[in-house]
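What follows is a set of notes on a single structure, which appears directly below.
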Amino acid sequence: MRRHAIVLVLALAIAATAAAQTYAPPKYLVSEEMFQMVAEELSGSLAKENVIGITKYHRVQASPGFSEAREWVVEQLKQMGVSEVEVEAFPSDGKRRYQTYVSPLAWTVRSGELWMTRPYKQRLCNYRDVPMCLTTLSNGGEWEGAVVDVGRGTEAADYEGKDVAGKVVLATGYAAMVHREAVIGRGALGVLIRPRESDRPEHPEMVRYNGLWLKWEEKEKAGFGFQLSSKQAEQLRTFMEVGQVVEVRAKVDAELHEGKLEVTSALFRGSDPSASLGAGKPEQEIILVGHLDHPKWSANDNASGSGLLLEIARTLKALTEEKGVKLRRTIRIMWVPEHFGTIAWIDSHRDIGSRAIAVLNLDMVGEDLYKTNSRLRITRTPESLPSFLNDLVENVAAQTAAANLTDPVGTKNLFHYEVTPYDPGSDHDMFNDSTVGVPALMFGHWPDWTHHTSEDTVDKVDPTTLKRVGVLATAAALWLAQAQSVDWAAAAHLSAEAILKDGGLGSVDGLEASYRDDSAWFSGPPGLRTRMNFKKVDQLLRPIERIVQPDRVPALERIGWLVRDLVANWESASTAKPEHKSPVPRRLFIGPLGDSYASMWFREALGEGYGWWRDWEGKVPHWETFVYEVLNYTDGKRSLAEIEDAVAAEFGDIPDGVVEHILRDLEKVGLVEFTPPKAD
Ligand SMILES: [Zn+2]
């Protein structure tokens with residue numbers, strides 16, 4: 001009956017909050033005064049000027065083109081008078097590893113041209129005109145040879161009966177894999193990558209981004225790479241189909257060498273000496289991050305985020321120095337080389353997980369919605385890391401939409417945005433990882449037909465969109481940098497409401513029924529944002545409790561106490577389960593598992609065993625997120641059985657043994673160790 005009593009207490013507490021009217025949270029967490037101040041200062045037009053400035057650089061990570069863009073960003077910060085700017089550099093060479101990520105080789109490129117020479121002469125690519133048609137990390141040199149179509153070109157089977165030595169392969173696979181099979185493995189001269197037929201056929205002249213991502217030891221054997229539009233590829237294939245020999249000549253002026261991953265931070269220090277209860281400490285940080293890399297032009301991805309971060313820096317400087325806005329915590333604005341630079345930086349700032357309270361990742365934030373048929377997506381934290389941050393940002397987004405902000409030279413369309421479940425693929429992954437544990441949201445636009453192509457140009461960047469996302473991110477960051485006890489109480493209230501809504505617990509009856517059926521998981525009906533279990537409620541409130549003292553904040557105390565009681569009750573009910581005798585895996589690395597064409601260490605270390613991963617990748621929807629969450633639940637406290645439970649609650653039932661296989665494979669390569677079952 002203990003359990004039933006708790007339900008009643010919970011019900012009463014919620015009823016009391018509603019009935020007594022002692023605390024009515026504001027509609028918007030950010031005060032109208034602060035919101036207006038940000039909206040009046042932040043300029044979408046200036047942000048777009050920054051975006052244009054950044055698109056002029058060929059910003060390949062660890063390479064001189066990136067450094068030039070980074071220098072330009074630092075110069076803008078200097079001109080604004082931002083006094084505290086740090087640039088940290090990490091060696092990068094195609095062999096050095098930061099946790100599970102292999103740092104990329106650096107690439108200096110001056111020119112690159114591809115000509116068809118037979119059956120007649122025609123230029124297919126000129127780096128000068130379309131930088132993206134030259135494959136990133138293409139070696140320098142001059143080559144001439146006949147073209148052989150190898151289909152996908154990523155597996156040995158694609159080369160059966162074909163002699164590609166001394167020739168040039170035409171393929172649809174990822175350039176790095178095709179190059180490894182054809183050039184490194186079989187002596188081909190280089191690769192021409194064409195789009196798959198199903199890939200955006202309505203844009204036949206568009207050129208896609210692709211990279212060779214060479215390892216250090218492949219440097220000497222490396223050939224060249226170019227991307228063809230589907231129109232160009234069809235032209236070549238038409239000749240080949242009727243038996244004509246197609247020959248090409250390639251000339252690239254480039255070198256592969258050691259470089260450095262440069263991470264730039266602009267710091268706006270928290271310094272309020274009259275900090276009151278719950279006001280936090282100056283060393284606590286709110287991080288705004290955007291990746292500065294990608295080949296020229298890549299306007300929305302991600303000159304938009306990088307350029308907008310500059311305008312946010314200017315806005316923060318104006319508000320703190322001219323409008324009397326005080327920061328209690330520090331706001332750090334970061335320009336990074338995506339994934340690789342971020343993990344290197346986190347690796348050398350191991351305390352960031354305990355100091356940072358929130359991250360906002362700006363990746364593709366300036367889109368002209370008319371031209372890209374897109375909308376802003378606000379990507380929530382993963383289910384393994386529920387956070388009040390989701391509710392805060394959703395609240396500020398509603399405030400931003402209601403304000404109907406436009407830029408004088410931008411579009412006048414409506415603010416289309418949606419809040420979406422976790423989706424990996426950018427720097428928010430690095431912070432949401434359980435070994436770092438800082439809740440991180442992403443602002444980005446999707447879908448986007450121009451993504452990673454020559455069509456991602458500045459004419460598709462809209463000052464109005466930049467203004468809206470900029471005001472939203474800045475207002476949320478300022479709230480986080482200023483919040484004290486009264487604000488946290490309002491946030492806790494907002495989160496508590498969201499928990500009830502997410503859990504489908506709109507009424508007390510519903511709450512009681514869910515609790516009484518003794519189910520392990522507190523699941524909402526299908527389609528609701530989050531499945532809940534009691535431990536997750538605790539996790540959600542942990543970031544709040546880390547900052548305020550619950551015993552001094554009435555609203556928070558009530559929620560905190562409630563949650564603690566629920567969790568205690570759940571723990572005592574569940575410890576009797578036999579599966580709690582299962583071993584406890586512990587992670588021996590930080591950050592997500594880096595495993596891609598651009599970072600091959602893990603799959604090579606695992607060797608033959610990686611075939612299992614390839615098989616399962618096709619069987620489990622959202623495999624990447626699945627692996628990410630398995631690792632996030634592997635916190636050194638949960639047993640294997642508990643991890644399997646947590647994963648099942650998030651992804652539905654999955655065949656027995658998949659989670660264990662993942663963790664045992666990681667054990668084989670020294671990334672995880674298993675410790676004996678927990679004692680009772
Ligand atoms: Zn991006």
Side-chain angles (χ1 to χ4, degrees), residues 47-48 50-52 54-55 57-63 65-66 69-70 73 101 104 131-132 136 174 206-211 213 261-264 287-310 312 333-345 359-368 372 374-379 420 422-432 440-458 460-462 465-466 469-470 473 591-592 594 596-599 624-625 628:
K48 182 163 175 177
N50 297 332
V51 175
I52 294 168
I54 291 166
T55 56
Y57 300 97
H58 197 57
R59 318 178 298 277
V60 175
Q61 56 269 63
S63 299
F66 182 96
R70 192 271 303 154
V73 165
Y101 290 78
M132 219 174 265
T136 297
Y174 196 83
M206 190 160 80
V207 176
R208 279 81 171 157
Y209 169 39
N210 221 317
W213 305 121
L261 293 159
E262 294 173 318
V263 174
T264 304
I287 298 176
L288 300 176
V289 63
H291 72 85
L292 182 60
D293 57 302
H294 272 0
K296 188 177 177 180
W297 300 276
S298 294
N300 270 312
D301 189 13
N302 186 32
S304 64
S306 302
L308 181 53
L309 286 176
L310 275 174
I312 290 174
I333 303 183
M334 295 178 81
W335 292 263
V336 298
E338 194 177 13
H339 303 304
F340 300 96
T342 316
I343 190 68
W345 187 85
V359 174
L360 302 176
N361 177 27
L362 278 61
D363 191 353
M364 301 173 65
V365 293
E367 308 220 352
D368 182 325
T372 61
S374 193
R375 77 278 196 214
L376 176 69
R377 293 212 314 191
I378 301 171
T379 304
T420 57
Y422 195 70
D423 196 16
S426 184
D427 293 300
H428 55 304
D429 301 347
M430 302 292 154
F431 293 96
N432 279 317
L441 295 201
M442 181 170 88
F443 298 109
H445 283 77
W446 201 257
D448 179 352
W449 63 270
T450 75
H451 181 240
H452 283 190
T453 75
S454 55
E455 286 294 325
D456 182 2
T457 46
V458 284
K460 298 176 190 81
V461 177
D462 177 9
T465 303
L466 288 168
V469 181
S596 69
Y597 303 144
S599 181
E624 192 187 342
T625 312
Y628 182 70

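Ligands are counted one by one from 1 in listed order, and the atoms in each one are counted from 1 as well.
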Whether the Asp363 and His291 side chains hold a donor-acceptor pair (N or O, under 3.5 Å, no angle test) is what I'd like checked.
yes
Any donor-acceptor N or O pair under 3.5 Å, side chains Tyr597, Asn210
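Distance-only check fails for Tyr597 and Asn210.
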If I take every N, O or S atom of His291, is at least one of them less than 2.8 Å from the Zn ion (ligand 1)?
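Short answer: yes, at least one N, O or S atom is under the cut-off.
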Has Glu338 got an N/O/S atom less than 2.8 Å from the Zn ion (ligand 1)?
no
For Trp345 and Phe431, take the angle between the two ring planes, folded into 0 to 90°, and tell me which bin it lands in: parallel under 30, tilted 30 to 60, perpendicular over 60.
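Correct class here is tilted.
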For the metal site, I want the angle between atom OD1 of Asp363 and atom OD1 of Asp301 with the Zn ion (ligand 1) at the apex, to 10°.
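An angle of 90° at the metal.
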From the list Thr264, Leu292, Ile333, side chain to side chain contact (heavy atoms under 4.5 Å, CB included) partner of Leu309 resolves to Ile333
